Amino acid sequence: MSTTEVPSDPVQPEHWNIPFRQNPFFTGRTQILSSLHTMLLTNQSAALVQPPAISGLGGIGKTQTAIEYAYRHREEYRAVFWVQANSRETLIADSTKIATLLNLPEQNAREPEVTMQAVKSWLESNTSWLLICDNADDLSIVGEILPSKNSGHILFTTRATAMGELAKRVEIDEMDIEEGALLL
């Protein structure tokens, strides 16, 4: 599946760049997925509520949980975007991909700040979107792309334990015995 292909579901987002297929073996995490959905719906109706940040050790399933959330709730959005936020360079590259997907005039701008501002402006002026910032271990990096007003949903994955004012931590732990047995 290319990064611009939409999953083959009858109800699909208009724009989609999740770079991973849905994991057919995804198991458990039902409570976390439910909590994320509740938090994101609450964020939509409250201007100053912090977006959730799935937080935990490396390899614990943060990214897989975010992917699963995107697939399970894709019919609720007209756009679902994925950015790698582990460095400014990957954030710039993925912002450019979003600008291209949206066919923004700034997609080929020489200055990456121009492209990132165009994506940010699109997010501010549109609704019904989900932006997943994966590996946002330094939450200050994503500030350049985050919209200043709450017109969509933002979900972070991070190993950071301190969220500051930017996000609300949703800790993910190892699978419990029942989930692990089901996976096996």
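Counting begins at 1 with the first residue of the sequence. Since this is a predicted model, take the numbers as computed values, not measurements.
- For T157, the side-chain hydrogen bond (donor to acceptor under 3.5 Å, both in side chains) partners at least two apart in sequence or on another chain are D134.
- Remark: L130 CG to I18 CD1 distance equals 6.5 Å, nearest 0.5 Å.
- Between the side chain of S151 and the backbone N or O of N126, at least one donor-acceptor pair lies under 3.5 Å.
- S55 places no side-chain N or O within 3.5 Å of a backbone atom of E171 that could act as its donor or acceptor partner.
- Counting only residues at least two apart or on different chains, the salt bridge (Lys or Arg N to Asp or Glu O under 4.0 Å) pairs with a member in residues 109-120 are R88-E113.
- In this structure, H73 has its ring center at least 6.0 angstrom away from the ring center of Y77.
- Judged by distance alone, the side chain of T100 and the main-chain N or O of T96 form a donor-acceptor pair under 3.5 Å.
- Here the options are Y71, W82, W129, the test is ring pair (Phe, Tyr, Trp, His ring centres under 6.0 Å), and the partner is W16; only Y71 passes.
- Side-chain N/O atoms of N135 and Q84 include a donor and acceptor closer than 3.5 Å.
- Between the side chain of K62 and the backbone N or O of L57 there is at least one donor-acceptor pair closer than 3.5 Å.
- For the atom pair CZ of F81 and NE2 of H15, the computed distance is 6.0 Å after rounding to the nearest 0.5 Å.
- A side-chain donor-acceptor contact under 3.5 Å links H37 and E76.
- Here the CD atom belonging to Q22 is positioned 7.5 Å from the CZ atom belonging to R72, to the nearest 0.5 angstrom.
- Of the candidates I54, I32, L40, Y69 forms a side chain to side chain contact (heavy atoms under 4.5 Å, CB included) with just one, namely L40.
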*Verdict with reasoning, V142 to L166, per side chain to side chain contact (heavy atoms under 4.5 Å, CB included)*: CA-CA 10 Å; V142 296; L166 192 59; 3.9 Å; yes
